[in-house]
Amino acid sequence: MIPEDFIVFIVDDDPRMREALSELLESLGWRSVALGSAGEYLSYPRPDLPACLILDVELPDINGLDFQKQISHGAHPPIVFLTGHGDISSSVRAIKDGAVDFLTKPFTERDLVEAIQSAVERDRAARHERAEIETLRERLASLTPREREVLPLVVSGLLNKQAAAELGISEVTLQNHRSKIMQKMEAASLADLVRIAEKLQIPITHSRRAGGI
Amino acid sequence: MIRLPREVGIVVHQEHPMASSGFLPEREVDESMPGQGWSADPTGKFVYISPRTLNYIGQPAEKLGRLEGTHDCGWRQVVHPDDYDRVEARWLRSLRAGTPYESEHRIRRFDGTYRWFRDAGMPTRDDQGRVVGWRGTMIDIEAEKQAETASRHGEVELLQLVNTIPIHLWRLSSDGEPIFFSKRMVDFLGTDVARASKPGMSRLEALIRTAVHPDDAAEFRGVLNRCLLTGEGFAMRHRLRRADGVYRWMSSRAAPMRHRDGEIAQWHGLCMDIEDEIRTQEARREAQDRLARATQAASLRELCASIAHEINQPLAAIVATCHACRRWLSADPPNLDRAKSTLERVIRDANSASEDVSRIRALFSRIDDTRSPADIAEVIVGVCRLMADEFAMKNIELETDLDQSLPQVLIERVQVEQVLVNLIRNAIDALDTIVDRPRLIRLHAVLDDDGNIRVEVRDVGPGLTAPERIFEPFFTTKENGIGMGLAICRSITESHNGRLWAVSNEPRGTILAFTLPIRARDAA
């Protein structure tokens, strides 16, 4: 099951639907917040938890599918759509744009539970990814300017000698910078450092051969 | 050698033995007769030529004699060059065989103009049967010829007319046998009237079987036979088979030509190709029907969608709440309080769904807000105009008896029109199989004793076996019907506080009648 705490946001303009969904989620032992419109959802302070957004397609202030597009750039939880009449084209559109599921009312408990679980799982993974990158960014920020010059050369695969020549410093000095970088970035090996650099999208500026000539 | 006393214009061949063999002098006979006489000897030499002839041609008789030793008759110069060879050949043949001679040819007058003459001669024989001479007469037939030419000209023109006007013409004998097809008709059918026959049946029947579309044949036969019997004009639209096997819609008409005593001599008929017209009309009507269906379907679909949404919303809430309730009950220990409160919500939501339904009903009962006063006679006339094509297509005779002084009535015009169209279409369909009598539909609009306007649609079709059942939804006797027409009509009339019912027409057929109260009763 779900090891951590999480929260389900319900956005539906029908109060009966909101109540029913809250009740059902509560009976499952899950936390939920029910809101009547897209605007209410946006202004609601979201806790720092894995989450899922259950979104009615026919919202009073905006079409659910358009709202999905609008929030796709921010760090919003994965969406499970609810609709009164499922038509294939809008469900395809929703799924293509990243929705977890598209449920037609009335839906079964099982479909809803499965959709929420997979949405929360997906959000947990995304949050994990976001957190990791945040940590790596902090480590990157702790490097000195010189170390930040050395890092791309090292992860490009240049030999110490080549990298030192590139920067016009001695091989020993470069060696020192390199071990400091490994330490600060908490990289276990060069391979680990390359993976970290990739996540931080540090460009590979040199190929090993280029410096040799 | 000929001596010609010019003053009397007589040619006498005195040396010829004929004179002494009892051949009578012609002069007295000739001048007392109409026409212009002549006589000749057995060799064809003129013995006598009427002075009237000589005056006419303005030439001396000696110039007309047959030249010695030749076949030239001498009158070559006065006979029209186009006619001469023919006349000469005929004359020489008669001379040789001793058979009567007759010819019509043009002869030049003294002033150079030609006139037509009929010239006839007979041999005169002696006791032994030998030809002793010839006597003949010429009669001026110019006037006759001109009249003949004029009439032939007229005939040619008429034939040209018959063959070039873009319709097919035909003629039937008084008992209905085809006796003439115009050239266009022959070209269309690919058969001549003479070849239209088939063994074992009349020519008309053969024609109906081979040329009239099988779906139209029974009606065609029925209508035409009725016309042949009664002498009424024939008019019908039907499909006719072209030589290449393609059927085309025709508008056929025929009228009897009568003798003086009134008896029918022949039938003259025409077929006009109206295929293109029919196609256009059909296309237009199909487009209209499609549009009407689409409009209805679209508004119906929207209506259904919104009703479905209204009902679905509380149902979805109820289902979700029930799932929650089950969860509370199956928890360990069961949470009865929560289960109870969720059940309360189920009850509440179910009631609210039921209220939604009532709300929708109420929405529809407010429909008479759009009713407006209308003149029912005018509405009926409008509908008939809309359906004129259908009447024509199905050979429907329409009679209307509409009380023009009827008061106005508050109706949803489109709905009442829909009722009328439905009832009239029903009547048209009922008449579909009728071929032995006019396909008559009568429309009545009257004020009844209860102060209602009563509209009746009467047909003379086969009648109904179950008058009440026809109003049941999905009841239909038609292959293509879904059986909703009359059920809808009844609900429309009832929403107008009227009634719709069916009774049998006398002596046959059906009456569908509906009422519309003049004063709308207060909504209950």
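Below, chains carry the letters A, B, ... as their sequence lines are ordered, and counting in each starts from 1.
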Over 12 non-hydrogen atoms of neighbours within 6.0 angstrom of CZ in A:Arg130
yes
Restricting to non-hydrogen atoms, name the atom on A:Pro106 and the atom on B:Ala316 that form the minimum distance, rounded to 0.1 Å.
CB-CA, 3.6 Å
Quick one: what part of A:Glu58 sits under 4.5 Å from any heavy atom of chain B, side chain, backbone, both or neither?
side chain
Which residue out of A:Leu25, A:Leu112, A:Leu82, A:Thr108 racks up the most heavy-atom pairs below 4.5 Å with chain B?
A:Thr108
If the contact rule is any heavy atom under 4.5 Å from chain A, which residues of residues 335-348 of chain B qualify, in numerical order?
B:Arg338, B:Thr342, B:Arg345, B:Arg348
Is it the case that over 12 heavy atoms from other parts of the model lie below 6.0 angstrom from the CZ atom of B:Arg279?
no
Tell me if a side-chain donor or acceptor on B:Asn312 pairs with a main-chain N or O of A:Lys105 at a distance below 3.5 Å.
yes
CA sep, side-chain torsions, deciding dist, call: B:His323, A:Leu28, side-chain contact (heavy atoms from CB on, under 4.5 Å)
CA-CA 10 Å; B:His323 282 306; A:Leu28 287 160; over 6 Å; no
Enclosure of A:Gln201 CD (heavy-atom neighbours >12, cutoff 6.0 Å):
no
Do A:Glu109 and B:Arg327 meet the salt-bridge criterion of a basic N to acidic O distance under 4.0 Å?
yes
On a heavy-atom basis, the closest approach of A:Glu23 and B:Trp328 is OE2-NE1, 2.6 Å
Would you please name every residue forming a side chain to side chain donor-acceptor pair (under 3.5 Å) with A:Glu129, sequence neighbours left out?
none
Value for CD (A:Glu19) from OG1 (B:Thr321), rounded to nearest 0.5 Å, stands at 8.0 Å
Smallest separation among heavy atoms of B:Ala317 and A:Ala20, with atom names
O-CB, 3.3 Å
Residues two or more places apart in sequence or in another chain: which of them pass side chain to side chain donor-acceptor pair (under 3.5 Å) with B:Glu282?
none
Atom CG of A:Leu24 and atom SG of B:Cys325: how far apart are they, to the nearest 0.5 Å?
11.0 Å
What are the residues of residues 182-190 of chain A, in order of number, with any heavy atom under 4.5 angstrom from a heavy atom of chain B?
none
